[in-house]
Amino acid sequence: MAKLLTTIFPNQGIPPEAAEGLPFWIFWLMLCVILLLFAFIFLRDKDLRKKLNLFFMGFKKKIKKIRLQQMLKREQQKIENTLLELGRTAWSQNIKVPSSESLSKQILSLEEQIGELREEKKESISKIVELNKDFERFKKKQDENEQEVKKKIAPKLQDIQDIRGKEKEIESKITQKHFVIEETAKKITQSKKELLELENNAEMNEEEKKSKTKNLEDNIKEWQEKKNSSDAQIKNLVREKTDMEKKAKQLSMECDKLNQKIKDIEAHGKQEARKFKKEIQEWEKTRDKKIEKIKGLEEEKNPFFKILGRLANKDRLKNEMLSLYYSKIDRSAKRIKNLEKQIEEET
């Protein structure tokens with residue numbers, strides 16, 4: 001800051017304490033003073049003011065000329081668009097335009113091509129709709145077949161579940177019977193031991209020995225019969241369990257076959273779905289190609305319609321519909337002349 005002030009005011013001495021650091025507002029004050037000096041010089045120098053005025057006037061003229069040229073282009077484009085609509089209207093209303101025979105033949109040829117393409121496009125769309133309907137019917141039939149198979153599986157799975165429950169009950173009964181057999185076998189063994197001890201007992205009289213022996217033999221016989229009955233019951237339970245296991249296995253195999261059938265149905269469905277989608281996509285491509293060709297031919301007609309519009313505008317055929325376009329063209333032509341005149345004046 002001190003150096004700056006020294007440069008601006010070389011004859012003014014700056015105190016040493018000021019050189020170390022001046023307030024910031026002094027800088028802005030000095031800057032304002034400099035700007036005021038420049039403004040004063042500018043106001044006194046007429047040549048400088050004139051040059052600046054000429055510069056800004058020239059720049060303003062260029063901007064105005066560019067804007068006028070843009071407006072001119074828009075009006076010219078309006079005429080071109082109106083001529084196109086004029087030719088298209090004359091053609092659609094079958095208005096005879098002089099000297100347009102060859103032109104009409106070219107337009108008619110393009111329209112014939114467009115008509116053929118539209119029929120082909122219509123055929124493609126009909127085929128796409130038909131294929132989509134067939135696909136929906138196929139999916140519905142697939143779902144029905146799958147649900148039908150699942151309905152067959154459900155009761156079989158329930159039967160298997162019921163069999164597993166009965167098997168657990170049988171296993172519990174077999175366990176109980178084994179326990180009875182073990183207890184009975186212990187009692188038989190114990191009774192036989194007592195019977196042997198009784199036979200070897202010489203101190204007991206014969207009549208008492210005979211009575212106890214009979215009781216023990218009756219008990220052994222009763223327990224043996226109970227054991228044999230339990231053995232027979234176990235065999236029947238095992239046989240019943242084996243039959244149930246075979247039935248459950250058979251049901252399980254039937255469920256596996258039905259599950260495989262569901263998988264086959266799903267695999268067939270996916271395969272057919274791919275075929276349907278591929279065929280639909282091919283027809284969609286064909287439809288899109290027809291649409292693009294139609295669009296291209298429609299665009300090819302525009303230059304012919306524009307020429308037809310020029311011919312109709314030149315001859316100014318008497319027609320109420322065409323008169324609207326003539327008025328638009330005349331208004332745009334008038335604006336174009338005015339704009340060209342203004343551009344010339346700005347040059």
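If you're wondering where the values come from, they're calculated on a predicted model, not measured in any experiment. Position 1 is the first residue of the sequence, and the numbers go up from there.
Between the NZ atom in Lys150 and the CD1 atom in Ile262 there is a gap of 5.5 Å [rounded to 0.5 Å]. Residue Phe304 holds its CZ atom at 12.0 Å from CD of Glu111, rounded to the nearest 0.5 Å. Ile220 CD1 to Glu194 CD: the interatomic distance, rounded to the nearest 0.5 Å, is 8.5 Å. Distance CE/Met253 to NZ/Lys249: 7.0 Å, rounded to 0.5 Å. The CD1 atom of Ile181 lies 8.5 Å from the NZ atom of Lys177; values are rounded to the nearest 0.5 Å. We find the NZ-CD distance between Lys247 and Glu167 to be 11.5 Å, quoted to the nearest 0.5 Å.
Across all their heavy atoms, Val180 and Ser230 have their closest contact at CG1-OG, 3.7 Å. The heavy-atom pair separating Glu120 from Lys290 by the smallest distance is OE1-NZ, 2.7 Å. Taking each heavy atom of Leu237 and Lys173 in turn, the nearest pair found is CD1-CB, 3.8 Å.
A donor-acceptor pair shorter than 3.5 Å cannot be found between the side chains of Trp223 and Gln190. If you check the side chains of Gln158 and Asp162, you find a donor sitting under 3.5 Å from an acceptor. Side-chain atoms of Gln224 and Asn228 form a donor-acceptor pair, as typed in the model, at a separation below 3.5 Å. Side chains of Asn81 and Gln77: a donor on one and an acceptor on the other come within 3.5 Å.
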| task | Carefully, step by step, assess Glu299 and Lys295 under the rule side chain to side chain contact (heavy atoms under 4.5 Å, CB included). | result | CA-CA 6 Å; Glu299 289 176 355; Lys295 186 179 177 182; 3.9 Å; yes

| task | Would you check, one step at a time, whether the test side chain to side chain contact (heavy atoms under 4.5 Å, CB included) holds for Met244 with Glu240? | result | CA-CA 6 Å; Met244 285 185 176; Glu240 185 180 354; 3.6 Å; yes

| task | Show the numbers, then the answer: is there a side-chain hydrogen bond (donor to acceptor under 3.5 Å, both in side chains) between Arg335 and Asn338? | result | CA-CA 5 Å; Arg335 283 194 288 268; Asn338 290 332; over 6 Å; no

| query | Passes side chain to side chain contact (heavy atoms under 4.5 Å, CB included), Lys127 versus Glu130? Steps please. | reply | CA-CA 5 Å; Lys127 192 67 180 176; Glu130 183 183 347; 4.3 Å; yes

| request: I would like to know whether Lys139 and Asp143 meet salt bridge (charged side-chain N to carboxylate O under 4.0 Å, His left out); could you show each step before the answer? | output: CA-CA 6 Å; Lys139 287 196 293 184; Asp143 290 339; over 6 Å; no

| request: Would you sort out whether Asp134 and Arg137 count as a salt bridge (charged side-chain N to carboxylate O under 4.0 Å, His left out), showing the intermediate values? | output: CA-CA 5 Å; Asp134 290 342; Arg137 283 194 289 268; 2.2 Å; yes

| request: Decide yes or no on salt bridge (charged side-chain N to carboxylate O under 4.0 Å, His left out) for Glu292 and Lys289, but give the supporting numbers first. | output: CA-CA 5 Å; Glu292 285 298 318; Lys289 286 179 182 177; over 6 Å; no

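Side chain of Ser109 to backbone of Lys105: no donor-acceptor contact under 3.5 angstrom is found. In this structure a side-chain-to-backbone donor-acceptor pair under 3.5 Å is present from Thr286 to Glu282. A donor-acceptor pair under 3.5 Å is formed between the side chain of Ser332 and the backbone N or O of Lys328.
Looking at heavy atoms from C-beta onward, Leu103 lies in side-chain contact with Gln106 at the 4.5 angstrom threshold. A heavy-atom distance below 4.5 Å is found between the side chains of Leu86 and Ile329. Counting heavy atoms from C-beta on, the side chains of Gln161 and Leu157 never come closer than 4.5 Å. You'll find the side chain of Glu123 stays beyond 4.5 Å of the side chain of Glu119, heavy atoms only. At a threshold of 4.5 Å between non-hydrogen side-chain atoms, the residues Asn219 and Lys187 do not count as touching. Residues Lys133 and Glu136 form no side-chain contact, since every pair of their non-hydrogen atoms from C-beta on lies 4.5 Å or further apart. With contacts defined as side-chain heavy-atom distances shorter than 4.5 Å, the pair Trp91/Leu108 qualifies. Two residues are said to be in side-chain contact when any heavy atoms from C-beta on lie closer than 4.5 Å; Arg331 and Lys78 fail this criterion.
Residues Leu251 and Ile153 do not share a hydrophobic cluster, clusters being chains of Ile/Leu/Val/Met/Phe/Trp/Tyr side chains in contact below 4.5 Å. Residue Ile160 is not grouped with residue Leu258 when hydrophobic side chains (ILVMFWY) are merged at heavy-atom distances under 4.5 angstrom, including chains of intermediate members. Ile336 and Leu84 fall within the same hydrophobic cluster, defined by Ile, Leu, Val, Met, Phe, Trp and Tyr side-chain heavy atoms under 4.5 Å apart, directly or through other members. No path of Ile, Leu, Val, Met, Phe, Trp and Tyr side chains, each step under 4.5 Å between heavy atoms, connects Ile291 with Ile114, placing them in separate hydrophobic clusters. Put simply, Trp283 and Leu117 are part of two different groups of oily side chains (I, L, V, M, F, W, Y) that touch within less than 4.5 Å, one to the next.
Under the 4.0 Å criterion applied to side-chain N and carboxylate O atoms, Arg239 and Asp243 are not assigned as salt-bridge partners. Using a 4.0 Å cut-off between charged nitrogen and carboxylate oxygen, Lys241 and Glu245 count as a salt-bridge pair. Salt bridge present: Glu298 and Lys301 bring a charged side-chain N and a carboxylate O closer than 4.0 Å. Between Arg88 and Glu85 there is a salt bridge, with a side-chain nitrogen of the basic residue lying less than 4.0 Å from a carboxylate oxygen of the acidic one.
Sorted by first then second residue, the salt bridge (charged side-chain N to carboxylate O under 4.0 Å, His left out) pairs that include residues 263-274, not counting sequence neighbours, are Glu272-Lys275.
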Could you give the side-chain donor-acceptor pairs of residues 305-325 under 3.5 Å, partners two or more places apart or in another chain?
{"residue": "Arg310", "atom": "NH2", "partner": "Glu80", "partner atom": "OE1", "Å": "2.9"}
{"residue": "Arg310", "atom": "NH2", "partner": "Glu80", "partner atom": "OE2", "Å": "2.8"}
{"residue": "Asn313", "atom": "OD1", "partner": "Arg316", "partner atom": "NE", "Å": "3.0"}
{"residue": "Asn313", "atom": "OD1", "partner": "Arg316", "partner atom": "NH2", "Å": "2.9"}
{"residue": "Arg316", "atom": "NE", "partner": "Asn313", "partner atom": "O", "Å": "3.0"}
{"residue": "Arg316", "atom": "NH1", "partner": "Asp330", "partner atom": "OD2", "Å": "3.1"}
{"residue": "Arg316", "atom": "NH2", "partner": "Asp330", "partner atom": "OD1", "Å": "2.7"}
{"residue": "Asn319", "atom": "OD1", "partner": "Met321", "partner atom": "N", "Å": "2.9"}
{"residue": "Asn319", "atom": "OD1", "partner": "Leu322", "partner atom": "N", "Å": "3.3"}
{"residue": "Ser323", "atom": "OG", "partner": "Asn319", "partner atom": "O", "Å": "2.8"}
{"residue": "Tyr325", "atom": "OH", "partner": "Thr89", "partner atom": "OG1", "Å": "3.0"}

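Relative orientation of the Phe138 and His268 rings is perpendicular, given thresholds of 30° and 60° on the angle between their planes.
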